[in-house]
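Before any comments, here is the structure.
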2 protein chains.
Amino acid sequence: MELRQLKYFVRAAELLNFTQAAEDLFITQSTLSHQIKELENSLDTLLFDRIAKRVRLTEAGEVMLQYARKTIHQAEESRQVLLDLNNMKSGKIIIGSTYGLQELLMESIVEYNEKYPDIEIQIIYGSTTDLLQKILDYKIDCMLSFMSELGHNELMINKLFSAHLSLIVHQSHSWAKLKKVALEKVTALPLALPSQSYSIRNLLDKLLDDKGIPLHTKMEINDIHSLLQLANTNKWSTILMHTSLFDFKELKAIPLEGKNTVREATIAISKGIYHKKSLVLFQEILLKKSEVYRNE
Amino acid sequence: MELRQLKYFVRAAELLNFTQAAEDLFITQSTLSHQIKELENSLDTLLFDRIAKRVRLTEAGEVMLQYARKTIHQAEESRQVLLDLNNMKSGKIIIGSTYGLQELLMESIVEYNEKYPDIEIQIIYGSTTDLLQKILDYKIDCMLSFMSELGHNELMINKLFSAHLSLIVHQSHSWAKLKKVALEKVTALPLALPSQSYSIRNLLDKLLDDKGIPLHTKMEINDIHSLLQLANTNKWSTILMHTSLFDFKELKAIPLEGKNTVREATIAISKGIYHKKSLVLFQEILLKKSEVYRNE
DNA sequence: TAAATCAATCGAAAATTTCGATTATAAAAT
DNA sequence: ATTTTATAATCGAAATTTTCGATTGATTTA
């Protein structure tokens, strides 16, 4: 068993396609096949079922996948600790985030990169569920999302700010001066909404469902900026967290009434892993940048 | 970085002598030198200081040693999980124990080996302190010793039985019928005592010190059986846990009076690691065998 | 001063990893 | 029903890595 073989195995197990995995790893399929077999021999256990030139994981393979990831992560962690020890302020940080926190994230990484130009940054957007899985698989170092601080024992969750689910309208809209608005009312407006993959949309759907309010979506978009641009035309309105309209000066956010219309923006980091300096430094900047939102 | 290199490094770091380490690893010194250098290159960090053909760990090396052990352990853990998954009842178990629990341990491993003949057993005797270090370094799977159940957050500690610190005399000794004896009295007898490396001796020294009783040791031996054999001649007495004289039918254990003369025999297992079946099975047998002692 | 110890180095041998081409099998497309 | 496509295994050769044995040079010990 060697780390190289574990890395090969993980990729093969993830793609369940040796040819693609080999390409991904910059080796030939032949080599991958060979090394997987070698790993299986050393473990005395088949990791893949070979059903007629297709592969799928055996039960042992499923288990091994997790342990292989853990072992590889452990090895990489030691490399990172040495970097930190040398106070290198280098290496790589992989940040997972939901779209809803894109604005804050962008501001933060700009400052982060200015301060620590040698740290490589990778950002992966995804739903909260996606990100939770990725954090368990050691694919991301931390995740920014709107989530409860409870119910995740293996995560260290820090609150960034609270955000109101809000109706977003143009300043010349007749409702623009309202201090709050009832959920029942907004469905009457022409609404452009984020698509189902956004947690904010799930929240909205749930709130409407609880009150039995029907919703006829006329416009559904997979991009926050597009929604804001539409709202900026004053022909549509949208529903987002109030913190999302940052640089659209002509838009107004009107908080929705009712319980459960407030969500906590958080950063979550796995408790079990070593908290590398690059990660701690990022969190510091993120918390500082969040202050602006906290006082709104 | 490969597991092979990490294994080489750990041994080299432990022995701080490349020649010996190489011998230990069944490779040549040349190979070891080369592979260590390769590892250092891949980490971009020197792990050893080379002061004129001698080696010692750099700060980074010290840190790396821990992480290397952890990584290797993680890899081995995955192998063990697969064995367990196949219900193999095989593999290897390394048991650390203090001498004071040798008797119980022997009885247990006899039954253990009868039931699971395919599991390889290795036993390492050492002081409680030694064993604690070894358990942290992943060198033993569990440890049997007399220790407090508290103050070790990272360990899962199970109580086996309580043992009294006792004066051990021959049945024909004039004190043989006593139900208990005061600490002050025993120093008058010709005593053969376990050496300082035994926790029981530390306990005794501490109790005497607390009461300001001076002790003039006439005989100090590094082996429990030898002490018992001496006591069996009726020319000497000794002080041990009452459970230690098991198959010496002509010896009597007389409990010492006072507080803190009772110690808990325990089995401790690291919380962080995977509890492999071989280990769980061993613990079961051990607990069963302990019953005899519990009712004394 | 001589002998012993020890890590680095070097070139060659051995082992392993990787590659490219081919084969075999099943699924998909025609 | 037949052909095409996709895929993993296999095989021999090439490339690379690992290991070895011998030597060197520097230091400590006798």
Side-chain angles (χ1 to χ4, degrees), chain A residues 1-62 64-65 68 71-72 75-76 79, chain B residues 1-62 64-65 68 71-72 75-76 79:
Chain A
M1 191 189 339
E2 286 296 345
L3 286 172
R4 177 174 34 80
Q5 294 168 335
L6 293 180
K7 284 174 194 160
Y8 289 178
F9 165 67
V10 168
R11 204 71 197 108
E14 284 172 351
L15 296 177
L16 288 176
N17 180 322
F18 282 20
T19 311
Q20 267 175 258
E23 200 173 322
D24 206 75
L25 293 160
F26 300 106
I27 56 175
T28 60
Q29 172 262 318
S30 158
T31 299
L32 183 61
S33 241
H34 192 76
Q35 289 297 310
I36 294 282
K37 183 162 287 180
E38 199 67 9
L39 179 61
E40 288 179 324
N41 283 343
S42 79
L43 294 172
D44 236 340
T45 312
L46 285 179
L47 299 171
F48 290 99
D49 275 328
R50 274 79 163 178
I51 309 166
K53 304 282 164 182
R54 308 283 139 132
V55 289
R56 71 171 187 214
L57 283 172
T58 60
E59 192 191 347
E62 292 281 2
M64 189 63 196
L65 177 56
T71 305
I72 295 164
E76 274 162 11
R79 175 175 271 124
Chain B
M1 193 192 335
E2 287 296 343
L3 287 172
R4 176 173 34 79
Q5 294 168 335
L6 294 180
K7 285 173 194 162
Y8 290 177
F9 164 66
V10 169
R11 204 73 198 106
E14 283 171 351
L15 296 176
L16 289 177
N17 179 323
F18 282 19
T19 310
Q20 269 176 255
E23 199 173 323
D24 206 75
L25 293 161
F26 300 107
I27 56 174
T28 60
Q29 172 264 319
S30 155
T31 299
L32 182 62
S33 241
H34 192 78
Q35 288 297 309
I36 295 283
K37 182 163 286 180
E38 199 67 9
L39 179 61
E40 289 178 324
N41 284 344
S42 79
L43 293 172
D44 238 339
T45 311
L46 284 180
L47 299 172
F48 291 98
D49 275 329
R50 274 82 164 175
I51 308 165
K53 305 282 166 182
R54 308 282 137 135
V55 289
R56 70 172 187 213
L57 283 172
T58 59
E59 192 192 350
E62 293 281 4
M64 190 61 197
L65 177 55
T71 305
I72 294 163
E76 273 160 13
R79 176 177 269 123

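Within every chain, numbering begins at 1; the chains are lettered A, B, ... in the order of the sequence lines, protein sequences first and strands thereafter.
If you check every strand for non-hydrogen atoms under 4.0 Å, A/E38 touches nothing. If you check every strand for non-hydrogen atoms under 4.0 Å, B/F48 touches nothing. Contact annotation for B/T31: base contact, defined as any heavy-atom pair under 4.0 Å involving a base atom.
Within a 6.0 Å radius of CD in B/E14, more than 12 heavy atoms belonging to other residues, nucleotides or ligands are found. Shown here is B/R56, whose CZ atom has no more than 12 heavy atoms of other residues, nucleotides or ligands within 6.0 Å.
Residue-to-nucleotide contacts include no donor-acceptor pair under 3.5 Å from the side chain of A/T28 to the base of C/dG20. At a cut-off of 3.5 angstrom, counting only N and O atoms as typed in the model, there is a donor on one side and an acceptor on the other between the side-chain of B/S30 and the base of D/dC20.
B/S33 has a side-chain polar atom (N or O) that falls below the 4.0 Å cut-off from OP1 or OP2 of C/dA8. A/Q29 has no side-chain polar atom (N or O) that falls below the 4.0 Å cut-off from OP1 or OP2 of D/dT7. Note on A/K37: a side-chain N or O is less than 4.0 Å away from OP1 or OP2 of D/dT10. Regarding contacts with the backbone of D/dA6, every side-chain N or O of A/N17 stays at 4.0 angstrom or more from both OP1 and OP2. Look at B/R54 and you won't find any side-chain N or O under 4.0 angstrom from OP1 or OP2 of C/dT5. For C/dT18, one of the phosphate oxygens OP1 or OP2 lies less than 4.0 angstrom from a side-chain nitrogen or oxygen of A/R4.
Across the protein-nucleic acid pair, B/Y8 atom OH and D/dT17 atom C1' stand 12 Å apart, rounded to whole Å.
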